[in-house]
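In what follows, a single structure is set out as structure tokens and then discussed.
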Amino acid sequence: MSKCKTKKLDLGCWWCDPKHSRYSEVSFSFPALDPCSAYISLNEPWRNTDHQLDESQGPPLCDNHVNGEWYHFTGMAGDAMPTFCIPENHCGTHAPVWLNGSHPLEGDGIVQRQACASFNGNCCLWNTTVEVKACPGGYYVYRLTKPSVCFHVYCGHFYDICDKDCHGSCSDTSECTCAPGTVLGPDRQTCFDENECEQNNGGCSEICVNLKNSYRCECGVGRVLRSDGKTCEVPVLCKSNAIEVNIPRELVGGLELFLTNTSCRGVSNGTHVNILFSLKTCGTVVDVVNDKIVASNLVTGLPKQTPGSSGDFIIRTSKLLIPVTCEFPRLYTISEGYVPNLRNSPLEIMSRNHGIFPFTLEIFKDNEFEEPYREALPTLKLRDSLYFGIEPVVHVSGLESLVESCFATPTSKIDGVLKYYLIRDGCVSDDSVKQYTSRDHLAKHFQVPVFKFVGKDHKEVFLHCRILVCGVLDERSRCAQGCHRRMRRGAGGEDSAGLQGQTLTGGPIRIDWED
């Protein structure tokens with residue numbers, strides 16, 4: 001019904017005005033009707049949110065007959081429109097329409113709200129603006145617009161009736177308690193869903209979707225939620241030797257992307273801008289924070305220079321800033337036979353959050369520590385020397401390692417009863433062990449005379465090492481302390497971190513001891 005307060009009626013009554021020699025039109029004014037008393041009822045059972053579409057019983061329905069009138073949900077259709085996301089294929093159609101906003105109070109009058117259609121996993125694939133009014137009888141009326149496409153249907157929902165808590169003599173029957181996530185409606189009996197998204201966007205950095213008695217945060221195309229469930233970020237791939245960032249073009253726009261070292265720039269593949277860099281380049285900063293190794297950089301987007309410009313211009317603010325962070329654990333356990341098993345890949349430890357930071361245990365042919373055994377498993381005699389080293393697959397400046405312990409076992413089992421320590425608490429336990437100086441602070445090289453365990457059945461030896469990573473400049477770190485006998489491993493200390501990760505077992509070296 002039209003909201004216009006004055007309506008012109010042609011009653012066929014015209015007269016001539018002699019003074020001005022013209023005709024005048026007669027107009028009458030009528031008050032606009034209150035939508036609370038002039039509405040169309042929507043009572044079809046299939047409109048209810050509990051009704052799931054079954055195309056074997058008929059085709060999906062569409063509200064293409066709805067066109068700007070006032071409506072009231074009654075009967076089996078429900079009490080009111082749902083104010084939370086409805087999954088597709090409900091309410092008798094493919095794309096159910098729900099109210100993305102809370103219902104008004106009676107004193108609010110007519111308010112505007114967004115109505116969303118859910119489809120293909122998107123709670124608001126299509127949207128329009130509708131009007132809502134709370135009526136004195138404790139119900140709502142809606143001025144609904146015609147959907148632009150089919151198949152869309154405006155949904156109704158049965159809301160819960162509140163539990164009544166008596167106070168005193170229980171004479172006040174209006175005292176009601178609603179479940180968490182719901183609020184009491186204007187009839188003082190119905191519990192309506194609380195729209196958490198209306199307060200500070202639910203704490204979501206981008207998209208807040210209201211759900212029944214709850215809500216969730218979502219991100220735009222090309223971005224993912226962080227572990228906090230609220231903040232969106234561009235996904236970062238943390239590899240053992242590189243960091244990769246793929247930023248969707250719609251986020252980049254016409255900007256040019258580069259890292260802290262501006263010589264490292266993004267490359268477009270048509271849909272994304274790719275930036276690939278290592279832990280040692282492009283201005284990447286590597287720090288040790290508590291029990292993690294943290295590598296960070298910053299992707300900056302600035303307007304591209306126009307053709308022919310001299311380049312001598314400045315921009316005070318960046319148009320796009322994307323912090324990039326990869327986290328790696330500090331503590332590693334490497335279990336390796338004297339000779340790497342060529343069928344196994346290098347040891348890679350998965351961090352709790354993002355990346356992997358690999359170490360390997362190599363057996364070298366001499367004290368130059370340059371040529372490891374690769375092609376065959378050697379057989380060493382007891383009078384020979386064994387040269388072994390802890391080698392990082394990725395060499396990163398600013399970090400150093402401490403071989404906290406190395407022990408040998410006659411089998412590949414790390415928890416066997418027989419153990420012989422070569423290094424313990426960062427100290428050499430066997431005086432025959434010699435440590436060499438390495439150019440890389442992460443690499444450690446050792447020499448030890450070949451030995452075997454007592455017993456004719458013990459013809460093999462396996463080696464297991466525990467490595468801790470620290471910052472080179474941290475003078476108070478465990479690595480800086482070096483040999484530290486009788487060290488207390490209290491709870492919460494950096495050496496109390498769990499030995500989590502994979503165990504790489506290879507070899508073993510065969511001991512020729514009979515001659």
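For the numbers below, each heavy atom of this structure counts, side chains included, while hydrogens, waters and symmetry mates do not.
Checked by atom type and distance alone, the side chain of Asn122 pairs as donor or acceptor with a backbone atom of Cys124 at under 3.5 Å. In terms of modelled atom types and a separation under 3.5 Å, the side chain of His72 and the main chain of Tyr140 share a donor-acceptor contact. Using a distance-only test at 3.5 Å, with no hydrogens or angles considered, a donor-acceptor pair links the side chain of Thr93 to the main chain of Phe151. In this structure, the side chain of Ser102 does not engage the main chain of Asn195 through any donor-acceptor pair within 3.5 Å. In this structure a side-chain-to-backbone donor-acceptor pair under 3.5 Å is missing from Asp34 to Ser37. Using a distance-only test at 3.5 Å, with no hydrogens or angles considered, no donor-acceptor pair links the side chain of Thr128 to the main chain of Pro147. Side-chain N or O atoms of Glu88 include one that pairs as donor or acceptor with a backbone N or O of Asn120 at under 3.5 Å. For the pair Trp126 (side chain) and Phe119 (backbone), a donor-acceptor distance under 3.5 Å is absent. With Asp193 contributing its side chain and Asn213 its backbone, the two residues share a donor-acceptor pair below 3.5 Å. Without hydrogens or angle criteria, Tyr215 side chain to Gly202 main chain gives a donor-acceptor distance under 3.5 Å.
A heavy-atom distance below 4.5 Å is found between the side chains of Leu257 and Ile275. Ser296 places a side-chain heavy atom less than 4.5 Å from the side chain of Val285. Looking only at side-chain heavy atoms (C-beta outward), Ile467 and Leu331 stay at 4.5 Å or farther from each other.
With respect to Leu399, the side chain to side chain contact (heavy atoms under 4.5 Å, CB included) criterion is satisfied by exactly one of Asp287, Leu279, Val286: Val286. With His94 as the partner, the side chain to side chain contact (heavy atoms under 4.5 Å, CB included) test is satisfied by one option alone out of Pro60, Pro59, Cys150, Cys62: Pro60. The only member of Arg47, His152, Lys146 that meets side-chain hydrogen bond (donor to acceptor under 3.5 Å, both in side chains) when paired with Asp63 is Arg47.
No close placement of the Tyr139 and His103 rings is indicated, their centers lying 6.0 Å or farther apart.
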Test side chain to side chain donor-acceptor pair (under 3.5 Å) applied to Asn43 and Thr74, step by step: CA-CA 5 Å; Asn43 56 10; Thr74 60; 4.6 Å; no
The test is disulfide bond (SG atoms under 2.5 Å apart); show your working for Cys155 and Cys91 and say whether it passes. CA-CA 6 Å; Cys155 294; Cys91 306; 2.0 Å; yes
Please determine whether side-chain contact (heavy atoms from CB on, under 4.5 Å) holds for the pair Leu99 and Tyr142, giving the CA-CA distance in whole Å, both sets of side-chain angles, and the decisive distance to 0.1 Å. CA-CA 10 Å; Leu99 194 69; Tyr142 308 84; 4.3 Å; yes
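With respect to the salt-bridge test (charged N to carboxylate O, under 4.0 angstrom), the residues Asp160 and Lys212 do not qualify. With respect to Lys133 and Glu131, no salt bridge is recorded, no charged nitrogen being found less than 4.0 Å from a carboxylate O.
Of all non-hydrogen atoms in Val236 and Cys326, the two that sit nearest each other are CG1-SG, 3.8 Å. Nearest heavy atoms, Cys36 versus Pro136: SG-CD, 4.1 Å.
When the SG-SG distance for Cys197 and Cys208 is compared with the 2.5 Å cut-off, it comes out below that value.
In this view, Asn100 and Gln114 satisfy the side chain to side chain donor-acceptor pair (under 3.5 Å) rule, not counting sequence neighbours.
One distance of note links CG of Asp50 with CD1 of Ile86; it measures 9.0 Å at 0.5 Å rounding. Considering OG of Ser205 and CD of Glu218, their distance stands at 11.5 Å, rounded to 0.5 Å.
Annotation for Glu55: atom CD counts as buried by contact number, over 12 foreign heavy atoms lying within 6.0 Å.
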